[in-house]
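Before any comments, here is the structure.
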Amino acid sequence: MTDDPSDHPPDTRSAERVLMVLPSDRLVRTAAAAGCRVWSVWDPALRDRAYLGEVARHSERLLLADLDDEAGLRALIARTAHEHRVTHVMHLGGARAVASVLAEAGALGLGTNPADAVRTLGDRGAMRELLQDYPRLRVRAERAADAASVPGAVARFGGAPVVVKSARAAGPCGATLVRGPYGSADWEREAAARDTPGPFLVEEYLPGPQYAVETLSVDGMHQVVGVTATRTTGPPRFETVSHVHPAPLGDRAEAEIRSAVCALLDLAGFENGPTHTTVVRTPHGTRVLAARAGLGGDGIPLLVELARGTDLETEAFRALTGGLLNPPTLRRTAMAGFVGLPAGRPPGTPATDALRALPYVRAVTVRTRHANSRTPHGSRARVVVVGDGPQEAARHLDTARRLLGGPYEQRPEAARTA
């Protein structure tokens, strides 16, 4: 464990003192702008020197750590918290070392939430068990220790259709629909190809449109900032095709979704900060697919900011320092679409450059597929557009797809994923 040699001069302002593990450079800047003093922890093996330099520039100090060394990481957190009178310890970089950070934050009494609340939300199996005694949100599910145990779990359901996914709190979900009596064997081949880690969760299939819900909580009071509609390729793999914010919902449907998410957060005992929850509106009511503490992925925070003028990162840190959420005001519709690109097409093509120049395009990101991907496309682009409504945004996104020359994975349908 070593410290970055460049320290910032002492700051005498009265401010929240936050130790953040794996924060993005933008998040550190946001926290500083919200009045927080930040100590950042990063594993130098995970990012290049230039990126870490940006994190250090906006931090009181950048602390370098081997995140696989649990004892060393916890000792670093404890020492830093004591020496600098840290008021909050936060893990903001996904699932890596989250258990170690939560355990030490809890031991120091510096966690922004009870550790059990964060673990329960993020653990797919624990979340299902939490909701078993709550009929309005209950989803039948069984655990399977390994791939060989999946057919037995499917049989206990009385057969297909069911969804099989990883039960781990971290890592890829790999949700796959098992359609028939021999579907579990098909799933086992699919899971092996996708490197889906066990143990596994077998749960009832939830048909219906899917939504992502962003919330901010302060002292156990939960405010839904926005609801985003998600479209997927449908079964069996449920890959995301697009997000649209705000979701085109009626008042009653949106109220039902908000109620379900707030009930989950209350049951889990979540108290402070942002959460990202995925729900499905089934014929029998809204059901929770997945949840976790933190901000949503897939560019959803950008959609909320473009559509409502609400920067979720800024608001999360304003709440931490006692500020109230600025009431969001709907301005327009923002939409993110995911387009598979032909194999061998590099990210910096004239088509992507032309796309970025369009007035309604707000972001274009191209990522190369892993070598073991089963998709026929070499890369996947995420394009963010804005429009005066969902129809206009969809037309803009279709124009972007034609410019990039890459089709969706398959015909999209309003469906569920996990």
Side-chain angles (χ1 to χ4, degrees), residues 1-4 7-8 10-24 27-43 55-56 58-67 69-123 169-170 215-222 265 268-275 292-295 312-323:
M1 301 284 173
T2 59
D3 291 355
D4 189 282
D7 292 342
H8 290 250
D11 188 343
T12 59
R13 293 174 300 166
S14 175
E16 297 292 335
R17 296 164 175 255
V18 185
L19 188 153
M20 296 197 290
V21 179
L22 301 183
S24 68
L27 202 57
V28 176
R29 290 195 303 270
T30 299
C36 298
R37 298 178 63 186
V38 180
W39 284 259
S40 299
V41 177
W42 263 96
D43 188 329
V55 174
H58 299 280
S59 303
E60 299 291 320
R61 179 177 289 182
L62 172 65
L63 305 160
L64 303 180
D66 177 0
L67 295 191
D69 178 3
E70 179 178 355
L73 175 61
R74 291 189 62 168
L76 175 66
I77 292 172
R79 184 172 65 251
T80 304
H82 174 73
E83 291 177 356
H84 299 285
R85 304 188 304 280
V86 166
T87 56
H88 303 281
V89 173
M90 306 172 70
H91 187 291
L92 297 161
R96 187 78 180 269
V98 66
S100 303
V101 177
L102 287 175
E104 190 59 35
L108 296 170
L110 299 178
T112 55
N113 282 285
D116 286 346
V118 177
R119 290 194 194 98
T120 299
L121 287 179
D123 186 306
T215 57
L216 285 173
S217 301
V218 179
D219 296 332
M221 299 294 291
H222 315 300
L265 299 181
F270 190 84
E271 295 179 358
N272 293 290
T275 55
R292 61 180 173 82
L295 301 172
L312 286 170
E313 291 181 349
T314 297
E315 295 299 338
F317 281 101
R318 287 184 72 252
L320 186 67
T321 56

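- Summarising the geometry, atom OG1 belonging to Thr215 is positioned 6.5 Å from atom CZ belonging to Phe270; distances are rounded to the nearest 0.5 Å.
- In summary, the side chains of His222 and Ser217 do present a donor paired with an acceptor at a separation below 3.5 Å, with no hydrogens or angles considered.
- Side-chain contact between Thr87 and Leu110: absent, with no pair of heavy atoms (C-beta onward) separated by less than 4.5 Å.
- Considering every non-hydrogen atom in both Glu104 and Ala78, the closest pair reads OE2-CB, 3.5 Å.
- Contact between Arg119 and Ala99 at its shortest, heavy atoms only, is NH2-O, 4.5 Å.
- Minimum interatomic distance between Ala32 and His58 (heavy atoms only, all atoms of both residues): CB-O, 4.2 Å.
- The closest side-chain heavy-atom distance from Ile77 to Leu63 is not below 4.5 Å.
- When side chains are defined from C-beta on, Val86 does not count as touching Val18, because their heavy atoms never get closer than 4.5 Å.
- Within the 4.5 Å cutoff, the side chain of Trp42 has heavy atoms near those of the Pro23 side chain.
- The minimum heavy-atom distance linking Ser40 with Ser59 is given by the pair OG-OG, 2.8 Å.
- Across every non-hydrogen atom of Val38 and Ala31, the tightest pair is CG2-CB, 3.6 Å.
- Taking 4.5 Å as the limit, every side-chain heavy atom of Thr112 sits out of range of all side-chain heavy atoms of Glu271.
- Nearest approach of Ala65 to Leu76, heavy atoms of both residues: CB-CD2, 3.8 Å.
- Between the side chain of Thr275 and the main chain of Ala293, no donor-acceptor pair closer than 3.5 Å is present.
- Put simply, the side chain of Arg17 does not reach to within 4.5 Å of the side chain of His88, judged on heavy atoms.
- A distance-only check finds no donor-acceptor pair linking the side chain of Asn113 to the backbone of Val118 [under 3.5 Å].
- Using a 3.5 Å distance cut-off with no hydrogens or angles, the side chains of His84 and Glu60 do not pair a donor with an acceptor.
- Side chain of Asp43 to backbone of Asp66: no donor-acceptor contact under 3.5 angstrom is found.
- The one candidate from Val55, Leu73, Leu62, Thr80 that meets the side chain to side chain contact (heavy atoms under 4.5 Å, CB included) condition with Val41 is Leu73.
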